[in-house]
2 protein chains.
Amino acid sequence: MNVTIPTTAPLDCSQVSEVLGRVGEKWTMQVVIALRDQPYRFNEIKRHVRGISQQMLARTLKTLERDGMVKRTVGPTAPPQVEYELTALGRSLSAPVRQLAQWARAHLAAIHDNQLSYDATH
Amino acid sequence: MNVTIPTTAPLDCSQVSEVLGRVGEKWTMQVVIALRDQPYRFNEIKRHVRGISQQMLARTLKTLERDGMVKRTVGPTAPPQVEYELTALGRSLSAPVRQLAQWARAHLAAIHDNQLSYDATH
DNA sequence: CGGGATCCAGTAGGATACTG
DNA sequence: CAGTATCCTACTGGATCCCG
C-alpha cells in the first residue's frame, strides 16, 4: 500500500487553523498543562496558573469542556466540590503541543534577536 | 547520559505562549506553509493562501520577517520584484506545527461532536 | 467554593482606496 | 507589482460585583 503523503500533505484548510487558534488562546494550554498529571478543583487550578482571573479560568474551562478536552465533575456536597480533569482527547493534545513548546524554548532567543535587529533598521 | 525530563518539564512560562500566540494567528502558519517548498512573490503567495487580503498578507509577512522566519529579497527591477522565502528558523517551525496539524485533522471531528452534544445539553 | 453578569479597553482581523 | 493609509467591526482579555 504505502500511500505516502509526505510533507506535501494538506496542512492548510481552515479546519486546522481552528485548532491552532484554540491553542494560541492565552490561557488554554496553561490550563491543560496544569491538569496534566491529576484532577484539580477550580481554585486549585487558579493557584497553579499564575495571573489568571476567575473570569478567564471559568471561560477557558467551559470552552475546554465543550471541546471535550476536560471533564467536569460536580460532587453532591455543599459548598459545591467541582473537579476538572483532562479527557483522553485533552491528554493527547498535550503531546504535539509539547513539541511546539520545546521548539519555542529552543528558538525564542533567536526570534528576539531578530526582532531587535529588525527594529533597529526599520 | 539520558537526562530524562519527562512530562514534568516546564512547558509553562509566558515565553512559550508568545510563540503559541503567533502560531495561533489566523494567517501566519498558512503563509509559512505556502512558502514551505520554494520562494514566492507577494501575489503568488496571495493566490496560494485563499481568502487573505493584501493588507493581512503584508502584515503577516512583515511580522514573519521581523521574527526572522521569512527572508525578503527585492530585485533591482521596475516594477519591483520581491521574493519571500523561509529561513532555516521558519522551516524548523513547520515541523512541530505539522505535528499539531496532524493532531487537528485526526481529532477535529471528535471535537465537533463534543461541541454539538455540549450545546444540546447546556 | 465556584462560578455568572456586566462593563470596558485593546487588539486582531477585514474592506476599501490610494501610491511608488 | 507590492505594498501603505484609513476606517471599521468583532472578539479576546480583564476588572468588578453579585449569587447559590
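Residue numbering restarts at 1 for every chain, and letters A, B, ... go by the order of the sequence lines.
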Send over the distance from [X] [atom1] to [N] [atom2], rounded to a whole Å.
{"X": "L20(B)", "N": "dT12(D)", "atom1": "CG", "atom2": "C1'", "answer": "16 Å"}
{"X": "I45(B)", "N": "dC1(D)", "atom1": "CD1", "atom2": "P", "answer": "13 Å"}
{"X": "H122(A)", "N": "dG3(D)", "atom1": "NE2", "atom2": "P", "answer": "11 Å"}
{"X": "Y40(B)", "N": "dA2(D)", "atom1": "OH", "atom2": "C1'", "answer": "18 Å"}

Under the 3.5 angstrom rule, does the side chain of [X] hit a backbone N or O of [Y] as a donor-acceptor pair?
{"X": "T121(A)", "Y": "S117(A)", "answer": "yes"}
{"X": "T87(A)", "Y": "K71(A)", "answer": "no"}
{"X": "W103(B)", "Y": "P96(A)", "answer": "no"}

Q: Could you tell me whether the side chains of E18(A) and H112(B) share a donor-acceptor contact shorter than 3.5 Å?
A: yes
Under 3.5 Å, side-chain donor or acceptor atoms of residues 59-66 of chain B against the rest of the protein: list the pairs with distances, not counting sequence neighbours.
| unit_1 | atom_1 | unit_2 | atom_2 | d |
| --- | --- | --- | --- | --- |
| T60(B) | OG1 | M56(B) | O | 2.7 |
| T63(B) | OG1 | R59(B) | O | 3.0 |
| R66(B) | NH1 | D119(A) | OD1 | 2.8 |
| R66(B) | NH1 | D119(A) | OD2 | 2.5 |

Q) Could you run down nucleotides 1-14 of chain C 5' to 3' and tag each one B, S or - for protein heavy-atom contact under 4.0 Å? A) BSBSBB------BB
Q. What pairs of residues pass the side-chain hydrogen bond (donor to acceptor under 3.5 Å, both in side chains) test when at least one of them lies in residues 74-85 of chain A, not counting sequence neighbours?
A. R41(A)-Q81(A), R72(A)-Y84(A)
